[in-house]
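Computation of the quantities below employed the complete heavy-atom set of this structure, encompassing side-chain atoms and omitting hydrogens, waters and symmetry-equivalent molecules.
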Amino acid sequence: MALVDILKPVVSRAITTAALFLRPMTLGVRGVVIDPNRRIFLVRHSYMPGWYLPGGGVDPGETIEAALRRELIEEGGIIPTGSPRLFGLYWNARAARRDHIALYMVDAFSQPTPPRVPNREIVEIGFFAVDTLPKDTTEATRRRIDEVLGGAVPDPLW
């Protein structure tokens, strides 16, 4: 076997590893939590303006669904009681060239202990009817709600 054949997989692995460090892909998750009255759960963060669907980043070694459950509990005291349903995967080009968001629907849940707000991360929480969303609900949040509940064609860009 030639030296080049031996080195080829080693070099390939080194390039792939370097690419991960230089251009890592990030993955986030958001949940469209729908109560029995078809109201949507939204959060307002302390560190950025507007109202958002609850969610956040997927930690290393964590599944996407586990990240969703963790974020829903942390941000809203919401515990899914059924299986969240994956609605879509989106590319969030505004955040980074390799940022993606998984969007889940959650319509079976309990909220035994809503978090105390305001806190360090969350300023306000609430359930809102689709036609009475807070005026500063982000455009991306409005689009996702319209896709999930209004039948709009999903846009692959967040």
Practice task
Go through Val32 and Val106 one step at a time and tell me if the side chain to side chain contact (heavy atoms under 4.5 Å, CB included) criterion holds.
Solution key: CA-CA 6 Å; Val32 179; Val106 178; over 6 Å; no

Just by distance, do the side chain of [X] and the backbone of [Y] share a donor-acceptor pair under 3.5 Å?
| X | Y | answer |
| --- | --- | --- |
| Asp59 | Glu62 | no |
| Glu74 | Glu71 | no |
| Gln111 | Gly76 | yes |
| Asn37 | Arg39 | no |
| Glu75 | Val43 | no |

Practice task
Kindly confirm or rule out a cation-pi arrangement of Arg144 over Trp158, judged by NZ or CZ under 6.0 Å from the six-membered ring centre and within 45° of its axis?
Solution key: yes

Work out which heavy atom in [X] is nearest to a heavy atom in [Y]; give both atom names and the distance.
| X | Y | value |
| --- | --- | --- |
| Ile78 | Pro80 | O-CD, 3.7 Å |
| Thr138 | Gly50 | CG2-CA, 4.4 Å |
| Leu72 | Val33 | CD2-CG2, 3.7 Å |
| Ala67 | Gly57 | CB-O, 4.2 Å |
| Arg142 | Thr137 | NE-O, 3.4 Å |
| Pro134 | Leu42 | CD-CD1, 3.9 Å |

Practice task
Determine, for Arg85 against Asp107, whether the closest basic-nitrogen to carboxylate-oxygen distance falls under 4.0 angstrom.
Solution key: yes

Exercise for the section: For residues Ile101 and Val29, determine if any side-chain heavy atom of one lies less than 4.5 Å from a side-chain heavy atom of the other. Expected result: no

Handout entry: Heavy-atom check, side chain of Pro84 versus side chain of Glu65, under 4.5 Å
Key = yes

Is there a path of hydrophobic side-chain contacts, each under 4.5 Å between heavy atoms, that joins [X] and [Y]?
| X | Y | answer |
| --- | --- | --- |
| Leu68 | Leu27 | yes |
| Leu86 | Ile64 | yes |
| Ile34 | Phe128 | yes |

Exercise for the section: For side chain to side chain contact (heavy atoms under 4.5 Å, CB included), just list the numbers for Phe41 and Asp35, CA-CA rounded to whole Å, side-chain angles, deciding distance to a tenth of an Å, and then say yes or no. Expected result: CA-CA 8 Å; Phe41 182 76; Asp35 78 1; over 6 Å; no

Exercise for the section: May I ask you to decide if the ring planes of Phe109 and Phe127 are parallel, tilted or perpendicular, using 30° and 60° as cut-offs? Expected result: parallel

Exercise for the section: Give the intermediate values and the outcome of side chain to side chain contact (heavy atoms under 4.5 Å, CB included) for residues Ile145 and Leu53. Expected result: CA-CA 9 Å; Ile145 292 169; Leu53 296 167; 4.3 Å; yes

Problem - Partners passing side-chain contact (heavy atoms from CB on, under 4.5 Å) against Ser110 (at least two apart in sequence or in another chain) - result: Ile79, Thr81, Pro112

Exercise for the section: Give me the one residue out of Val130, Val148, Thr141 that meets side-chain contact (heavy atoms from CB on, under 4.5 Å) with Ile40. Expected result: Val130

Handout entry: Donor + acceptor pair across side chains of Trp51, Asp136 (<3.5 Å)
Key = yes

Problem - Partners passing side chain to side chain donor-acceptor pair (under 3.5 Å) against Ser46 (at least two apart in sequence or in another chain) - result: none

Exercise for the section: Output all residues satisfying side chain to side chain donor-acceptor pair (under 3.5 Å) with Arg30, sequence neighbours left out; order by chain, then residue number. Expected result: none

Exercise for the section: Kindly indicate, with the supporting measurements, whether the criterion side chain to side chain contact (heavy atoms under 4.5 Å, CB included) is fulfilled by Tyr52 and His45. Expected result: CA-CA 8 Å; Tyr52 295 82; His45 297 276; 3.8 Å; yes

Practice task
Carefully, step by step, assess Glu147 and Arg143 under the rule salt bridge (Lys or Arg N to Asp or Glu O under 4.0 Å).
Solution key: CA-CA 6 Å; Glu147 291 167 3; Arg143 283 195 313 273; 5.4 Å; no

Practice task
State yes or no: are the ring centers of His100 and Tyr90 separated by less than 6.0 Å?
Solution key: no

